[in-house]
Amino acid sequence: MANPRPTSGAVVNPVVPGFHPDPSVCRVGEDYYLVCSSFEYFPGVPIFHSRDLVHWRQIGNVLDRPSQLVLPLDSPSSAGIYAPTLRYHDGLFHLIVTNVSGYGNLLVTATDPAGPWSEPIRLPGVPDIDPDLAWDSAGVCWCTCAGVRQVRFDPTTGEAIGEPRHLWAGTPGSRYPEAPHLYRIGEHWYLLIAEGGTERGHAVSIARGPAPTGPFEPCPANPILTHRGVDHPVQNTGHADLVQAPDGSWWMVLLGVRPGGGTPGWHVLGREVFLAPVTWADGWPVVGSPDLALPAPGWPLHPVPPAPTRDDFDDERLQPCWVSLRDRPAELCTTGERPGWLTLRARGGSMDARDAVFVGRRQQHHRCRAATLVDPAEGSGGLVVRLDERHHYEVEVGDGQVRVVARMSTVRTVVASRPAPPGPVVLRVEITTPPPVDPGSGPDVVTLGVEEPDGTFTALAALDGRYLSTEVAGGFTGRVIGVYAATGTVHFDWFDYEPLDPADAPPHAENR
């Protein structure tokens with residue numbers, strides 16, 4: 001399923017494609033900054049910069065040191081880092097976030113959003129996930145969390161002042177009031193929340209009151225945004241944040257998914273960042289649909305250079321788009337041991353293990369190709385398309401064999417194998433989206449194989465992509481494609497990732 005081709009004066013949604021859920025945005029002058037959840041991946045909380053809300057470039061990761069981000073190796077997939085909020089106050093960027101893997105709510109600050117960010121302040125008095133930050137005119141800091149509970153606290157020490165109190169129950173009959181954001185706009189304080197869960201029933205609702213503590217009256221048009229029950233290519237819309245542009249216009253960033261295949265539809269890229277216009281009527285926001293193509297904002301656009309398709313691992317540090325599982329010890333992952341190569345050392349065996357040694361990047365296109373040159377002389381490893389420990393496909397080389405392995409829930413099997421050519425081997429994955437031929441057609445096909453010395457591709461297996469989807473596996477993440485070591489030490493000379501269809505390659509989403 002591809003994005004429509006951009007038309008003149010149009011914005012192509014999603015503005016940040018691939019697994020980038022729970023967006024939060026703030027503007028400082030003419031610059032916008034956006035952060036997303038990262039769950040079990042290290043480093044955590046990718047941060048992006050834009051000059052126009054449309055073209056985004058990743059400038060780093062907020063939690064990029066082990067002292068900031070502790071993810072125990074036994075913590076499950078879809079645990080870890082949930083729903084950050086990014087705000088700017090008194091010359092300082094503040095990011096508040098939840099580490100559900102035993103460390104609770106944290107607050108970090110920075111003068112430069114590209115980093116470095118401070119060591120975390122623990123917030124034991126903040127009661128739940130999805131924390132938000134807002135300051136009133138007296139400089140008092142308020143934190144509002146999922147369940148729409150609020151507590152006053154001191155952001156310099158993390159100390160809560162008083163007990164948490166409920167602000168609003170949300171829309172009657174709607175479950176999971178969460179992702180609150182509190183704003184002073186004009187004469188009112190507005191409380192924006194997500195409801196209905198992050199699946200097909202997801203929605204955005206809003207209330208307003210005279211003070212940050214309320215009382216809050218709900219908008220009579222709630223939910224102000226939802227795609228539940230409608231035939232729209234973007235589904236699960238919710239978890240939104242508002243931002244005002246320098247020209248006075250208002251915009252909303254939110255998460256959504258693009259399901260593919262037959263019934264009931266499977267989304268494989270995870271929850272992505274969409275942009276929607278906002279107008280105001282009778283003191284309430286009116287949200288335009290986050291369609292795949294929108295009219296461009298009324299200001300000059302600032303495209304970013306397209307991301308290189310190849311990483312030759314020539315830099316001492318990995319680019320910020322690369323993530324690992326729960327940690328990244330230097331002794332297990334380095335570009336310094338063999339210059340121009342990425343070296344990985346196994347510790348846990350296969351990609352089924354929570355402590356697998358893995359380096360990957362988010363799949364951002366429905367049709368794409370990834371390849372890598374692997375030297376397995378001291379071990380075995382390869383190229384993997386991963387959703388979680390129990391759902392992944394990989395093509396692996398070692399012990400003189402190239403193998404395709406499929407893990408689908410409790411089933412793990414070698415699907416195909418062949419003798420490996422001598423020396424380093426080029427492994428390749430191609431993901432394509434044939435049109436559905438029946439209501440049960442899957443969203444895509446994942447083809448895994450090896451490149452021959454003459455450059456031709458020998459496919460060893462073509463697997464149904466639905467088993468690497470959230471609708472099958474559960475959880476909150478999306479696909480990540482990368483390299484891993486299964487045994488011993490494995491070297492990777494380069495990694496290529498490119499879209500197969502230019503229509504599915506928004507030029508504005510650089511993840512480098």
Side-chain angles (χ1 to χ4, degrees), residues 3-18 20-36 45-62 84-88 93 95 110 112-115 181 183 185 192 225 234 237 239-256 258 271-280 285-308 320-321 362 364-365 499 502-512:
N3 273 3
R5 294 183 183 277
T7 59
S8 177
V11 172
V12 177
N13 261 321
V15 292
V16 186
H20 295 100
D22 309 327
S24 178
V25 66
C26 75
R27 178 177 67 88
V28 180
E30 296 186 352
D31 295 282
Y32 301 90
Y33 300 96
L34 182 142
V35 292
C36 302
V45 190
I47 183 164
F48 297 83
H49 170 255
S50 175
R51 295 298 301 276
D52 57 15
L53 283 174
V54 177
H55 305 85
W56 293 92
R57 181 177 67 91
Q58 188 174 355
I59 58 175
N61 295 277
V62 173
T85 293
L86 179 66
R87 295 293 183 256
Y88 183 77
F93 290 90
L95 184 131
D112 182 347
H181 290 305
Y183 318 88
I185 302 173
L192 187 77
L225 174 66
V234 182
T237 52
H239 205 117
D241 201 2
L242 290 169
V243 65
Q244 187 179 26
D247 69 352
S249 64
W250 284 87
W251 297 83
M252 175 180 283
V253 296
L254 66 145
L255 68 79
R258 293 178 287 164
R271 298 170 295 163
E272 308 174 281
V273 180
F274 289 80
L275 182 68
V278 176
T279 57
W280 292 82
V286 179
V287 185
S289 177
D291 293 320
L292 294 179
L294 295 174
W299 53 75
L301 298 181
H302 297 271
V304 297
C321 66
R362 293 157 172 88
Q364 292 186 278
H365 309 92
D504 197 28
H508 49 261
E510 182 192 353
N511 191 6
R512 256 316 255 194

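Note that CG of N13 and CG of D291 are 8.0 Å apart. Values are rounded to the nearest 0.5 Å. Distance check: R362 CZ to E272 CD gives 12.0 Å after rounding to the nearest 0.5 Å. Going from atom NE2 of H302 over to atom CZ of R57 covers 13.5 Å, rounded to the nearest 0.5 Å. For the atom pair D241 CG and L192 CG, the distance stands at 7.5 Å (nearest 0.5 Å). Note that CG of D52 and CD of E30 are 11.0 Å apart. Values are rounded to the nearest 0.5 Å. Distance CZ/R87 to OH/Y183: 5.5 Å, rounded to 0.5 Å.
Residues D247 and G298 approach most closely at OD2-O, 4.4 Å, considering heavy atoms. S24 and P84 get closest at one heavy-atom pair: CB-O, 3.4 Å.
Looking only at side-chain heavy atoms (C-beta outward), P17 and R258 come within less than 4.5 Å of each other. With contacts defined as side-chain heavy-atom distances shorter than 4.5 Å, the pair V234/L292 qualifies. I47 places none of its side-chain heavy atoms less than 4.5 Å from the side chain of Q58. No side-chain heavy atom of D22 sits less than 4.5 Å from a side-chain heavy atom of C36. By the 4.5 Å heavy-atom criterion applied to side chains, C26 and Y32 are not counted as neighbours. The shortest side-chain heavy-atom distance between H181 and L242 does not fall under the 4.5 Å cut-off. Looking at heavy atoms from C-beta onward, W299 lies out of side-chain contact with P246 at the 4.5 angstrom threshold. Residues V11 and P297 are in side-chain contact: their nearest non-hydrogen atoms beyond the backbone lie under 4.5 Å apart.
The only option from V16, I59, V35, V304 that meets the side-chain contact (heavy atoms from CB on, under 4.5 Å) definition with F48 turns out to be V16. The side-chain contact (heavy atoms from CB on, under 4.5 Å) test with P290 is passed by exactly one of V15, V273, L225, V253: L225. Looking at W56, Y88, F93 one by one, the single match for ring pair (Phe, Tyr, Trp, His ring centres under 6.0 Å) with Y33 turns out to be F93.
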Steps toward side-chain contact (heavy atoms from CB on, under 4.5 Å) verdict (D31, R51): CA-CA 5 Å; D31 295 282; R51 295 298 301 276; 2.8 Å; yes
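Within 6.0 Å of CD on Q244 lie more than 12 heavy atoms contributed by other residues, nucleotides or ligands.
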